[in-house]
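Here the structure comes first, spelled out in structure tokens, and everything after it is commentary.
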Amino acid sequence: MRIVFMGTPDFAVPCLLRLLSDGEEVVGVFTQPDKPKGRGYALTPPPVKTAALEHEIPVFQPNTLRDGEAEKTIRALAPDLIVVVAYGKILPAEILFLPQYHSVNIHASLLPKYRGAAPIQWCILQGEKKTGVTSMLMDEGLDTGDMLLHRETEIAENMTAGELHDVLSELGAQVLSETVAGIRTGTLHPIPQTGESCYAPMLTKGLCPLDFSKPAQEVHNQIRGLSPYPAATFRLSGKRIKAFRSTLGGSAKGLKPGTAAFCESDIVVACGDGNLVHITELQPEGKKRMSASAYLAGHKLPEGTILT
RNA sequence: CGCGGGGUAGAGCAGUUGGUAGCUCGUCGGGCUCAUAACCCGGAGGUCGUGUGGUUCAAGUCCCACCCCCGCAA
């Protein structure tokens with residue numbers, strides 16, 4: 001099948017590769033323009049572009065899909081289907097329904113929950129026990145199209161967003177493969193999204209600072225939901241520290257929220273509900289990411305120290 | 001040339017006004033103990049990122065160049 005693929009970040013790469021290994025004819029890849037990133041503002045290509053170029057697929061990086069140019073380009077590519085995976089732009093109707101089989105999207109949640117930009121992280125932030133991947137026939141709304149297939153996966157107690165991302169990314173490739181196969185054979189039955197929906201908006205820096213006056217479980221969810229990017233932070237002796245991993249366990253026994261308890265191999269902090277959160281992996285500003293025990297080997301952290 | 005922090009024993013950190021390096025953990029050996037990841041004693045382990053660079057009687061510590069790592073911001 002002739003397919004135009006639209007995607008941008010790492011999450012979308014396994015989907016693209018799966019289409020190729022399935023023998024689909026990927027005739028073009030749309031991805032976001034290269035953007036200045038990192039120190040020195042080096043112009044950085046999106047991961048999907050890199051992957052596409054490695055397979056010698058034509059890459060298109062328009063700033064907008066709404067000036068008619070993109071439509072002409074796609075028309076010339078004459079796809080049977082458009083596959084969208086975390087592309088980062090809304091497709092106008094004239095493109096959406098251009099191919100014979102229209103456009104399908106792979107979304108990293110169990111729709112209609114967690115529509116939007118950051119479903120993986122929000123699932124963990126909200127303390128969900130399971131999530132999954134859904135494929136849908138796209139319409140003009142944001143992740144509102146009729147659903148085709150979905151696959152569920154458990155979210156382990158201490159799982160981070162990064163780990164879940166990798167799982168869902170592979171699961172997404174699997175679902176995409178089955179979806180394309182189903183479209184080819186005409187065996188899929190689109191079903192409208194029903195039930196309670198919610199949105200997973202883009203993550204902002206404002207979500208990062210930890211608030212130890214919250215219950216330990218929420219602090220824990222915040223740490224793992226924002227790990228590794230953008231990463232939950234707290235302050236210790238004037239420096240900002242990112243927390244990447246944590247576990248729960250133990251009672252704070254009347255310690256005020258934010259107070260460090262006995263810190264041997266973990267940084268143990270009292271939370272608002274009287275329970276403890278154990279920070280096990282972190283990164284001080286300007287330093288590499290390290291285990292809490294390594295950090296504690298070189299930094300004294302007496303019991304009673306206040307973290308904010 | 002966006003702003004900034006840092007490269008010292010396996011890991012994490014100190015290192016004062018320049019005088020050839022210390023701490024915590026780990027590791028090895030011994031001891032204590034019913035026992036232990038606990039405790040005590042002892043040992044090994046470092047060309048202090050690179051430059052057969054500059055200053056100096058003397059540089060981890062000052063100056064110069066380069067390499068590498070990281071935080072912020074985008």
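In what follows, chains are A, B, ... by sequence order, proteins preceding strands, each numbered from 1. The basis for the numbers below is simple: all heavy atoms, side chains too, and nothing from hydrogens, waters or symmetry mates. If you're wondering where the values come from, they're calculated on a predicted model, not measured in any experiment.
As judged by a 4.0 angstrom heavy-atom cut-off over every strand, A:Y41 is placed among the base-contacting residues. Within 4.0 Å of A:A297, counting heavy atoms only, lies at least one base atom of the nucleic acid. Among the atoms of the strands shown, base atoms are found under 4.0 Å from some heavy atom of A:K37.
Taking side-chain N and O atoms only, A:K242 has a distance below 4.0 Å to OP1 or OP2 of B:rC72. When the side-chain nitrogen and oxygen atoms of A:Q283 are compared with OP1 and OP2 of B:rC70, none of them lie within a distance under 4.0 Å. Regarding contacts with the backbone of B:rA73, a side-chain N or O of A:K205 is found under 4.0 angstrom from either OP1 or OP2.
The shortest heavy-atom contact between A:T179 and A:S135 is OG1-OG, 2.8 Å. The shortest non-hydrogen separation linking A:R66 to A:L91 is NH2-C, 4.2 Å.
When the nucleotides B:rC13, B:rC72, B:rC25 are ranked by their closest atom to the side chain of A:H299, B:rC13 comes out on top. Checking B:rA11, B:rC69, B:rA74 against every side-chain atom of A:A294, the shortest atom distance belongs to B:rA11.
With contacts defined as side-chain heavy-atom distances shorter than 4.5 Å, the pair A:R115/A:T144 qualifies.
Residue side chain A:R39 reaches the base of B:rG71 through a donor-acceptor N/O pair under 3.5 Å, judged by distance alone.
Remark: A:R240 fails to qualify as a cation-pi partner of A:F234 under the 6.0 Å distance and 45° angle criteria applied to the six-membered ring.
Across the P atoms, B:rC39 and B:rU24 are found 12 Å apart, a figure rounded to whole Å. Across the P atoms, B:rU27 and B:rA37 are found 9 Å apart, a figure rounded to whole Å.
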